[in-house]
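A short write-up of the structure that comes next.
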Amino acid sequence: MAVEGVVMMDPAGLKAIGAGLAVGLTGIASGIAEKDIGSAAIGAMAENEALFGKGLILTVIPETIVIFGLVVALLIK
Amino acid sequence: MRLLQKFKNKGKSSQYKGTSNYAYLATRVRAMKSKLVPKETYPRLMNMGISEITRFIQETEYKREIDELARTYSGVDLIEHGLNRNLAETFTKLIKISEGEPNHLITEYLRNYDIWNIKTLLRGKYYNASTDEIKEAFVSAGQLSYTFLSELAGKQSYSEVISVLEGTEYYSILKEYDETNLSDIENRLDKIYYNGLFNVISKSKSKDRKLFAKFIRTEIDIKNIKTLFRLKKAGVSQDEIVDLIIDGGLELSTNNIQKLLPLSYNDFIQALDQYSFWDSISDAVNSDTDSLINVETQLIKHSLKSASSFSHVYPLSIVPIMDYIISKRNEVNNLRIITRGKAANLSDEIIKNQLVI
């Protein structure tokens with residue numbers, strides 16, 4: 001029986017997997033980082049509502065991680 | 001790291017409901033701490049009369065309690081009850097907002113209010129105080145609720161009170177009470193409190209428990225050193241002192257205390273200079289001072305300060321919460337000292353000496 005040809009992996013598919021990993025893993029990372037900050041912000045807000053603005057800003061700072069991931073994903077594309 | 005720990009401890013920690021979530025708890029408690037009366041306020045309070053002080057604390061965290069109680073009480077009593085109730089509610093709130101391990105530790109720590117309330121009951125019954133008088137002295141910050149305690153206060157005799165408490169861990173001690181050994185029973189209740197705490201600490205070796213242990217043992221040190229100061233000053237014999245010492249101090253271990261016991265008051269002071277709290281009390285201590293008030297306030301100040309610096313070293317742990325508990329207790333004590341002092345017409349100087357700021 002003849003070999004029916006070597007199955008090559010499509011480079012576009014690998015790229016897509018890479019881009020997916022970049023967004024996915026950074027997303028998890030920011031999630032973990034924001035978890036503690038978010039709950040701390042809620043704790044502070046429960047006692048002092050004026051801290052809402054500051055809490056919100058501090059909570060979304062780790063969001064940069066996933067933004068970098070997104071940028072990398074777009075570059076790979 | 002913490003995720004990893006959580007997986008490792010999965011089996012062990014399942015005895016407590018929920019996860020610790022220190023980020024939430026510690027920040028919330030810090031926000032609560034920021035609302036305590038600031039240091040600079042105390043000199044201002046010293047210049048006010050009772051009604052002005054009531055007015056002032058009504059504008060702070062004590063508003064709700066003062067508003068509620070203003071119908072039944074007035075003057076110093078109003079402040080006193082407002083403070084007590086606020087303390088109880090604040091500590092109950094700490095238990096409510098925490099879960100998992102910190103919840104367990106706080107509950108154990110606040111058990112001393114249960115013991116305080118049981119003591120109040122026994123003393124009240126001993127002196128035949130009325131139900132209302134006993135109820136007024138309760139601080140229901142522990143496990144025993146105010147309603148339950150009020151019910152107990154309404155009982156006719158101490159034996160009825162004790163029989164209701166059957167099944168609690170205090171019962172084995174309480175059943176030996178026969179109206180003659182009140183102070184002995186009280187000491188043993190205090191010891192059961194620390195035994196309980198040490199039980200909790202020794203069960204698990206997590207980081208929190210270690211910190212908690214250090215905190216508790218420092219507190220025991222301060223308590224022991226206060227007892228030693230008072231009794232040495234009064235010239236009590238060492239056999240009697242031994243019964244009143246609590247085991248398990250951090251710096252003042254049982255061995256060290258054995259060394260301190262036979263010394264005379266002056267030698268005892270000399271021997272203290274190797275301990276960490278010496279720096280804070282050295283100014284206040286000399287052999288010819290009559291009162292120990294300065295020494296005691298300095299000791300409390302030392303414990304407050306060390307707790308607060310300790311809480312900055314371990315920001316996400318049980319320590320900031322313990323720090324808050326003792327700061328809050330101190331605030332309530334200070335406000336009480338000021339109002340009671342004012343009501344008794346004490347001079348500003350005397351009141352100022354008593355304050356721990």
Side-chain angles (χ1 to χ4, degrees), chain A residues 7 9-77, chain B residues 1-7 18-38 59-64 86 89-103 106 207-208 311-312 314-325 327-328 331:
Chain A
V7 183
M9 246 212 253
D10 187 2
L14 280 176
K15 270 183 171 179
I17 291 175
L21 282 177
V23 177
L25 291 179
T26 49
I28 292 172
S30 358
I32 293 174
E34 276 170 37
K35 180 195 76 176
D36 275 350
I37 306 175
S39 54
I42 294 291
M45 258 181 257
E47 293 302 321
N48 183 357
E49 267 178 54
L51 291 171
F52 178 75
K54 275 185 194 162
L56 190 71
I57 291 172
L58 289 174
T59 309
V60 298
I61 282 179
E63 201 65 31
T64 46
I65 306 174
V66 74
I67 293 174
F68 291 145
L70 188 70
V71 171
V72 169
L74 290 175
L75 285 179
I76 293 174
K77 268 281 182 194
Chain B
M1 229 10 245
R2 214 165 325 140
L3 271 178
L4 204 75
Q5 230 173 17
K6 214 173 270 175
F7 282 123
T19 49
S20 314
N21 201 354
Y22 274 115
Y24 171 77
L25 189 60
T27 326
R28 185 158 181 184
V29 168
R30 271 178 197 283
M32 283 160 78
K33 198 183 172 199
S34 72
K35 285 199 240 165
L36 293 181
V37 176
E59 282 161 9
T60 60
E61 286 301 288
Y62 301 92
K63 183 179 186 332
R64 205 164 62 91
N86 182 276
E89 277 181 16
T90 317
F91 288 167
T92 320
K93 178 176 163 193
L94 284 182
I95 296 179
K96 270 189 205 147
I97 62 174
S98 59
E99 48 183 1
E101 187 151 302
N103 178 288
I106 297 171
K207 187 180 145 221
D208 281 320
S311 79
H312 288 111
Y314 302 99
L316 290 183
S317 70
I318 188 81
V319 189
I321 299 141
M322 306 304 286
D323 175 35
Y324 175 72
I325 292 180
S327 311
K328 174 81 189 174
E331 177 192 276

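Every chain is numbered from 1 and lettered A, B, ... according to where its sequence line falls, protein lines coming before strand lines. Owing to the predicted nature of the structure, the values given are computational and were not obtained by experimental measurement.
- Within 6.0 Å of NZ on A:Lys54 lie no more than 12 heavy atoms contributed by other residues, nucleotides or ligands.
- Identified by a heavy-atom distance below 4.5 Å to chain B, the contributing residues of residues 39-53 of chain A are A:Ser39, A:Ala40, A:Ile42, A:Gly43, A:Ala44, A:Ala46, A:Glu47, in residue-number order.
- Using a 4.5 Å cut-off between heavy atoms, B:Lys33 makes no contact with chain A at all.
- For A:Lys15, the salt bridge (Lys or Arg N to Asp or Glu O under 4.0 Å) criterion is met by no residue, not counting sequence neighbours.
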